[in-house]
Protein chains: 2
Amino acid sequence: MKVLAILYEGGQAAAEEPRLLGTVQNQLGLRSYLEGLGHEFIVSSSKEGPDSDFQKHIVDAEVLITTPFHPGYLTRDLVEKAKNLKLCITAGVGSDHIDLNAAVDHKIQVLEVSGSNVVSVAEHVVMSILLLVRNFVPAHEMIERGDWQVSQIARNAFDLENKVVGTIGAGRIGYRVLQRLVPFDCKELLYFDYTPLPAEAQKAVGARRVEDLREFVSQCDVVTVNCPLHEGTRGLVNAELLKHFKRGAWLVNTARGAICDKDAVAEALASGQLSGYAGDVWNVQPAPKDHVWRTAKNPLGGGNGMVPHYSGTTLDAQARYASGVRSILANYFGDQQQDPANVIVGLGEYVTKAYGQR
Amino acid sequence: MKVLAILYEGGQAAAEEPRLLGTVQNQLGLRSYLEGLGHEFIVSSSKEGPDSDFQKHIVDAEVLITTPFHPGYLTRDLVEKAKNLKLCITAGVGSDHIDLNAAVDHKIQVLEVSGSNVVSVAEHVVMSILLLVRNFVPAHEMIERGDWQVSQIARNAFDLENKVVGTIGAGRIGYRVLQRLVPFDCKELLYFDYTPLPAEAQKAVGARRVEDLREFVSQCDVVTVNCPLHEGTRGLVNAELLKHFKRGAWLVNTARGAICDKDAVAEALASGQLSGYAGDVWNVQPAPKDHVWRTAKNPLGGGNGMVPHYSGTTLDAQARYASGVRSILANYFGDQQQDPANVIVGLGEYVTKAYGQR
């Protein structure tokens with residue numbers, strides 16, 4: 001059978017660092033395994049347009065492996081052309097690059113390696129909150145350019161202690177963020193989610209659920225987005241919602257770029273309605289050179305903590321998701337049951353509630 | 001009486017932001033209080049050389065107020081000229097800019113605002129650990145310059161989870177760092193200190209004491225320095241000790257610059273013996289334009305997380321230390337007992353053990 005993997009380019013880095021498993025060069029460490037079983041294994045980073053390897057090979061691949069960091073966007077149109085496709089595996093967490101409704105209709109299973117990088121992302125969130133609140137980027141840039149004006153940095157530097165932090169989504173990542181924030185003595189930890197946390201889990205982090213989203217954001221000094229992208233969350237943080245934020249709040253989004261309205265966020269930052277925006281996810285990836293989030297700043301010239309999409313692809317995470325992809329493949333080849341935590345779409349039905357069912 | 005305060009320049013920032021209390025412009029909010037009591041209050045940032053306001057006014061000042069961010073260095077020579085000096089107050093934590101032995105000899109009391117910014121600094125430490133381990137700075141710079149190569153960043157990005165983190169010094173700041181690291185599921189938390197933590201405090205953070213410094217650093221993936229600067233800690237992290245670090249370890253120092261040997265750290269970073277160095281303290285402040293820590297990088301071009309000395313002078317911290325300085329002054333004027341936690345040098349004797357007694 002044909003297995004198609006769309007991965008990111010590793011270049012010289014991958015040649016020098018074999019732990020960069022998620023690259024075209026290192027192929028999730030799967031080549032000898034798959035070829036040993038007699039399968040054809042196509043690996044490429046070429047994913048855009050009708051002449052891409054992605055579109056060329058999807059027509060007869062049985063298994064598609066992609067990552068959220070360099071996603072092959074599997075639209076309904078492509079699903080309909082993919083006559084042999086039975087299984088999509090996301091090497092990481094987040095399968096919004098796949099038209100999940102189309103996958104349900106065509107009985108294509110969609111699996112993630114659910115535990116593989118939730119800690120990686122949660123750590124990135126806490127780092128991003130701290131570096132926005134504490135005004136790190138302008139401070140580091142001041143040192144790099146040979147300057148030293150403490151007051152220019154301190155005037156917009158705060159402690160996380162005694163601030164209100166809220167997460168949109170208290171699932172596998174959002175909950176881990178809350179856990180990591182507990183000893184920072186925040187004024188309050190809040191969460192917004194379609195379902196309440198189990199009482200014990202909620203008590204363990206001392207968080208309070210706010211059911212109305214506007215009311216939720218209006219209470220937060222820091223808002224972090226930790227929900228999947230689906231029809232119900234696309235553009236959720238838009239100009240209208242941003243008006244309800246506390247003036248000067250900080251926003252961190254490592255979930256998916258399209259959950260936040262690109263231009264509305266940039267405008268809120270420019271006006272000072274937001275003091276900072278950080279994260280690693282973009283509405284298009286790779287982000288174009290002129291993407292406004294690359295250069296958006298607050299009125300004091302800081303508040304930008306953006307990075308490319310890599311929080312879930314640390315070398316530690318790559319080891320975990322490469323191993324997880326292999327387990328999913330082994331289960332599939334051997335007709336074994338998959339770990340239910342990994343299944344987004346089963347045979348013709350949603351298994352998780354996280355992506356919003358039809 | 002004459003009260004002399006050496007503070008940092010706030011410029012336009014201080015004019016626009018009244019919460020920048022620690023500046024020459026905003027004068028810790030003390031002017032009307034001190035003048036109301038009939039005292040003379042001299043405030044300046046001029047602190048270097050015999051013609052500086054510092055050296056000019058220290059000869060007849062009774063009280064000296066300084067900050068660690070822009071320290072007036074009170075040498076023995078100056079102590080001997082300061083015939084009226086009775087009280088030195090550090091607006092913040094860390095009084096190494098004062099020759100404490102000379103203060104003991106001349107019965108000059110030295111007080112700090114001990115609780116004012118220990119949380120601020122501990123937060124900065126955790127932020128710095130995360131941003132080094134996760135390779136944040138090169139990732140952000142990539143976005144700023146319009147690039148996108150995930151593999152270039154991911155090849156040197158790791159999770160904090162399952163790493164060994166150790167603090168040199170488990171006092172007011174070091175212990176708060178350990179507390180904040182607990183939910184990150186590090187492989188182990190270690191500490192090196194002249195005295196063991198109380199059993200209950202040690203248990204609460206699950207840390208293990210290592211008594212030999214070489215053995216301690218050889219076990220750590222991340223080392224953070226959280227001890228005062230004194231005769232016993234100056235140059236503690238030098239070329240010899242760095243050889244005992246794990247290859248590729250990360251080092252964070254927000255304590256005092258002179259605890260780490262400037263050139264040895266830069267060389268260890270250049271060779272890859274260290275993967276990263278971050279912090280906000282420098283052997284001379286302001287750091288000269290050509291200070292090697294401004295530009296030192298690891299072999300992959302990253303690993304520098306340096307900022308000017310501001311971690312303890314967030315706006316939240318400024319409110320606390322301004323208020324703390326006022327309390328210390330009020331106690332002094334009213335001949336009331338000082339809070340023992342704030343006293344470094346009492347009348348002719350060390351009160352704390354932290355600075356190493358003679």
**Request:** Let me know if B/V133 has heavy atoms under 4.5 Å from chain A in its side chain, its backbone, both or neither.
**Result:** neither

**Message:** Are A/Y310 and B/W148, when compared by the centres of their aromatic rings, separated by less than 6.0 Å?
**Reply:** no

**Message:** Using heavy-atom distances under 4.5 Å, tell me whether A/L20 contacts chain B through its side chain, its backbone, both, or neither.
**Reply:** side chain

**Message:** If I measure from the heavy atoms of chain A, does B/N162 come under 4.5 Å with its side chain, its backbone, both, or neither?
**Reply:** neither

**Asked** Under a 4.5 Å heavy-atom cut-off, does chain A meet the side chain of B/R19, its backbone, both or neither?
**Response** side chain

**Asked** Under 4.5 Å between any side-chain heavy atoms of B/C186 and B/V164, yes or no?
**Response** no

**Item:** Residue among A/E123, A/M142, A/K289, A/E17 with most heavy-atom pairs under 4.5 Å to chain B
**Value:** A/E123

**Complete:** Note: vs chain B, highest number of non-hydrogen pairs under 4.5 angstrom among A/S128, A/A122, A/P183 is A/P183

**Item:** Under 4.5 Å from a heavy atom of chain B, the part of A/H70 involved
**Value:** neither

**Item:** Options B/R176, B/Q179, B/H124, B/R145, ranked by heavy-atom pairs under 4.5 Å with chain A, top entry
**Value:** B/H124

**Request:** Find out whether A/Y321 and A/T313 are in side-chain contact, i.e. whether some heavy atom of one side chain is under 4.5 Å from a heavy atom of the other.
**Result:** yes

**Message:** What part of A/Y8 gets within 4.5 angstrom of chain B, counting heavy atoms only: side chain, backbone, both, or neither?
**Reply:** side chain

**Prompt:** chain B heavy atoms under 4.5 Å from A/T23: which part of the residue, side chain, backbone, both or neither?
**Reply:** side chain

**Request:** With a 4.5 Å cut-off on heavy-atom pairs, point out which of A/Q285, A/Q12, A/Q25 contacts chain B the most.
**Result:** A/Q285

**Prompt:** On the ring face of B/F184, is A/R180 found with NZ or CZ under 6.0 Å from the centre and within 45° of the axis?
**Reply:** yes

**Asked** If you round to the nearest 0.5 Å, how far is CG of B/L181 from CD1 of B/I129?
**Response** 5.0 Å

**Complete:** Counting heavy-atom pairs under 4.5 Å with chain B, the top scorer among A/T295, A/V137, A/D280 is A/V137

**Message:** Any non-hydrogen side-chain atom of B/N298 less than 4.5 Å from a side-chain atom of B/N156?
**Reply:** yes

**Message:** I need the single residue from B/K246, B/K163, B/K187 that forms a salt bridge (charged side-chain N to carboxylate O under 4.0 Å, His left out) with B/D221. Which is it?
**Reply:** B/K246

**Asked** Which atoms of A/V150 come close to chain B, meaning under 4.5 Å heavy atom to heavy atom: side chain ones, backbone ones, both, or neither?
**Response** both

**Message:** Can you tell me which of B/A14, B/A317, B/G305 forms the most heavy-atom pairs within a distance under 4.5 Å of chain A?
**Reply:** B/G305

**Request:** Measure A/N117 against the heavy atoms of chain B and call it side chain, backbone, both or neither at under 4.5 Å.
**Result:** neither

**Fill in**
Applying a strict 4.5 Å limit to non-hydrogen atoms, the region of A/E141 in contact with chain B is side chain

**Message:** Quick check on A/A154 against chain B: is it the side chain, the backbone, both or neither that has a heavy atom closer than 4.5 Å?
**Reply:** both

**Asked** Is B/R320 salt-bridged to A/D159, cutoff N-O under 4.0 Å?
**Response** yes

**Request:** Between chain A and each of B/G11, B/A287, B/S151, B/G10, count heavy-atom pairs under 4.5 Å; write down the option with the most.
**Result:** B/S151

**Fill in**
Ranking B/Q149, B/E9, B/M127, B/R134 by heavy-atom pairs under 4.5 Å to chain A gives rank one to B/R134

**Item:** Part of A/H291 lying under 4.5 Å from any heavy atom of chain B
**Value:** neither

**Contact class of A/Q318 relative to chain B, heavy atoms under 4.5 angstrom** = side chain

**Item:** Interface moiety of A/R155 toward chain B, non-hydrogen atoms closer than 4.5 Å
**Value:** both

**Item:** A/D290, part contacting chain B, at a heavy-atom distance under 4.5 Å
**Value:** neither

**Message:** I need the minimum non-hydrogen distance between B/A266 and B/W293, along with the two atoms involved.
**Reply:** N-NE1, 4.3 Å

